[in-house]
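One-based numbering along the sequence shown.
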Amino acid sequence: MSESYSEILAKADQAVAETAATLADDPQRPAYHLFTAANWINDPNGPCYYKGYWHMFFQHNPYIADFGPMGWGHVRSPDLVHWEHCPIAIMPSPDSYDAAGCWSGSVVIHDGLPTMIYSGVADMTLWSADDDLPPSDRQRIPQGYYHEFVLEIDQETQCIATSEDNLQTWQKHPANPVIPAIPEGMDLIGFRDPFLWKEEGDGRWYMLLGSGIKGQGGVALLYRSPDMISWEYLNPLYIGDPAESGINWECPNFLDLGKKRMLVVSPHGRPVYWLGNYANCRYTPDGPPRRLDWGDVFYAPNSLLDPNGRWLMWGWIREARPRDQYAAARWASCLTLPREISLDDSGHLLVKPAAELQQLRSATLFDDGVSVGDGNPNSLDGATGDKLEISLRVTSQDCEALGIQFRRSPDGAQYTQLAYDYRSGALRLTRDKSTDTAEVTVDPCEYALNLGDDEALNLTIFLDNSVIEIYANDQLSMTSRIYPSRDDAQGLRFFAQSGTATAQVTVWRMGSIWD
Ligand code: FRU
């Protein structure tokens, strides 16, 4: 007899628990970034706030540390800082519209009832190599993911599930799939990742689906529904230029930031965004797309308008070590810290870590003004660690470059460096000395940070074992990975080149998010 759906869920939870119990104490595993207790995680899904808890769901393969038939994992938090693992929310149902995967989507509270909308994938059979798209144009899954696939378009549908017990268990709706096919007459590449919102004074749900129009470019398709069950296709919200944003978009997000609307898409490479205007169900960007994160492992972000009217965003942080290494570790990937997204008075995008994260500061290891110059770096009173928040605010400088080394071994053989070059304006993360482990990605990450006339460099760096998140002057985030191979690579060093600099530096040890 085939398994019941509740047996499928129980088996998946058990697989995670069993693997989690055997996980070695892995020095690369983060302590304050969201992840699954074991095995594979990718996109953040359905962030929401309900009855005193923040909830985050995510793409999850409970069985191995690799992509596979995806379910939705689930964690929740009373304060956005401390989290607990919850039972797996949904898993594929054999022989059905989601047999091969419950892919990314959203959670909303519809008429008081928590309702999830996700993309059901019935079959993952790939287009054959002699299909009409050359391999280079196929949907490319970002590096670290290793799967390159284009699904048959009739295998992706949109499905809903509801929860009557505070989001702990979910019932797939009998009307599924609520969107069983692509809009008539369209020739699309991909059809997935619903993102929902409401317009002021309009009780209906609006939804974007990520796709691509063959021969045109990536597209966000706009739908509307009064009840989450019957959906009307309206029009493309916006079609991108394929030279700028690819032939297919995943995980569209649409944020009302007040003066501007922000469209975010994940085009199988670096996620990009536009700022622009929305009227009559169409979007008009102000200009070309811009990169959202300047690191090399950030993908498929998902966002939430929280009860305080603040937009929060999380992304998937991929691995930068090879598949055999993370498969052996039996865990792979995590999510970013929550980032607050807003506009400044002149309409520029601001990106900063959510203020709640300050609660994770468990001890102040260093807090002082520090002066450095050529041949005179400063190791911050020997403050050390691999789970730190570092704040560095330049108070005066007369140098060509300055920066900080972290995860530095006492002999200086191993370290990672973040430096700002005042001549070129480049903020650069270099990792060529980060590890001795072969095959780990160590390419530099760089951002052109233009400081205003009187604007001082202001860096916030989160180190969480193999995870690095850098924020600079509220202008940008840079998310990356390092895999230091030496136990003693724990030190810090602030330095300046060709001149002198003074900065206010604070270093906190960070606690764990798991109670
Ligand atoms: C993005 C993505 C989504 C899809 C999900 C599958 O990383 O490919 O388009 O819904 O991951 O896990």
Side-chain angles (χ1 to χ4, degrees), residues 24-33 35 142-144 270 293-299 315-329 331-334 336-337 365 377-380 382-390 392 401-421 426-447 459-472 476-495 497 505 507 509-510:
D25 191 14
D26 183 347
Q28 310 300 1
R29 202 147 193 235
Y32 60 92
H33 282 76
F35 55 51
Q143 170 226 347
R270 313 271 182 245
D293 182 281
W294 290 82
D296 58 337
V297 291
F298 175 89
Y299 197 68
W316 167 33
I317 300 183
R318 302 192 319 262
E319 292 297 322
R321 56 179 172 177
R323 186 185 198 180
D324 57 333
Q325 289 183 23
Y326 62 70
W331 67 274
S333 310
C334 63
T336 64
L337 300 170
L365 303 182
N378 189 299
S379 57
L380 310 179
T384 55
D386 45 19
K387 289 173 270 296
L388 302 177
E389 179 186 344
I390 304 164
L392 191 153
L402 58 77
I404 185 157
Q405 294 179 349
F406 40 83
R407 298 303 302 270
R408 186 186 152 91
S409 61
D411 63 2
Q414 202 160 92
Y415 63 85
T416 301
Q417 175 168 303
L418 179 68
Y420 184 66
D421 187 324
L427 181 68
R428 193 165 221 254
L429 177 73
T430 38
R431 297 180 286 176
D432 49 327
K433 297 263 189 319
S434 292
T435 187
D436 293 330
T437 309
E439 294 181 79
V440 163
T441 308
V442 292
D443 299 338
C445 303
E446 194 170 298
Y447 175 79
L459 301 172
T460 300
I461 303 162
F462 291 99
L463 303 185
D464 191 5
N465 294 340
S466 59
V467 174
I468 307 174
E469 290 193 49
I470 296 160
Y471 296 83
L476 83 139
S477 62
M478 191 185 270
T479 309
S480 194
R481 303 293 298 265
I482 50 169
Y483 301 89
S485 44
R486 281 177 55 163
D487 292 345
D488 63 351
Q490 303 273 333
L492 298 169
R493 169 175 277 211
F494 173 41
F495 65 91
Q497 285 164 356
V505 184
V507 181
R509 182 179 298 127
M510 297 293 269

Legend entry - Check: Ala31 main-chain N/O paired with Asp464 side-chain donor or acceptor under 3.5 Å: yes
Inset, instruction - Look at atom CZ of Arg486 and say whether more than 12 heavy atoms of other residues, nucleotides or ligands are closer to it than 6.0 Å. - result: yes
Legend entry - Whether over 12 other heavy atoms sit under 6.0 Å from Asp324 CG: yes
Legend entry - Sidechain-backbone polar pair: Tyr326 side chain, Ala320 backbone, donor-acceptor under 3.5 Å: no
Inset, instruction - Would you mind reporting whether Asp296 and Arg270 have side-chain heavy atoms less than 4.5 Å apart? - result: yes
Legend entry - Mutual orientation of the aromatic rings belonging to Trp316 and Tyr299 [parallel < 30°, tilted 30-60°, perpendicular > 60°]: perpendicular
Inset, instruction - Under the salt bridge (Lys or Arg N to Asp or Glu O under 4.0 Å) rule, collect the residues that match up with Glu446, sequence neighbours excluded. - result: Arg428
Legend entry - Result of checking Gln325, Gln28, Glu319, Arg407 against Tyr483 for side-chain hydrogen bond (donor to acceptor under 3.5 Å, both in side chains): Glu319
Legend entry - Heavy-atom side-chain contact between Ile461 and Leu392 under 4.5 Å: no
Inset, instruction - For residues Arg408 and Leu492, determine if any side-chain heavy atom of one lies less than 4.5 Å from a side-chain heavy atom of the other. - result: no
Legend entry - Side chain Arg481, main chain Arg318, donor-acceptor under 3.5 Å: yes
Legend entry - Spacing of OH belonging to Tyr32 relative to CD belonging to Glu469, to within rounding of 0.5 Å: 8.0 Å
Legend entry - Side chain Asp293, main chain Phe298, donor-acceptor under 3.5 Å: no
Legend entry - Aromatic Tyr415 / basic Arg493 pairing, under 6.0 angstrom, 45° off normal: no
Inset, instruction - Please confirm whether the backbone N or O of Asp436 pairs with a side-chain atom of Ser485, one donor and one acceptor, at under 3.5 Å? - result: yes
Legend entry - Check: Thr437/Arg321 side-chain N/O donor and acceptor closer than 3.5 Å: no
Inset, instruction - Would you check if the side chain of Ser409 reaches a backbone N or O of Gln414 as a donor-acceptor pair within less than 3.5 Å? - result: yes
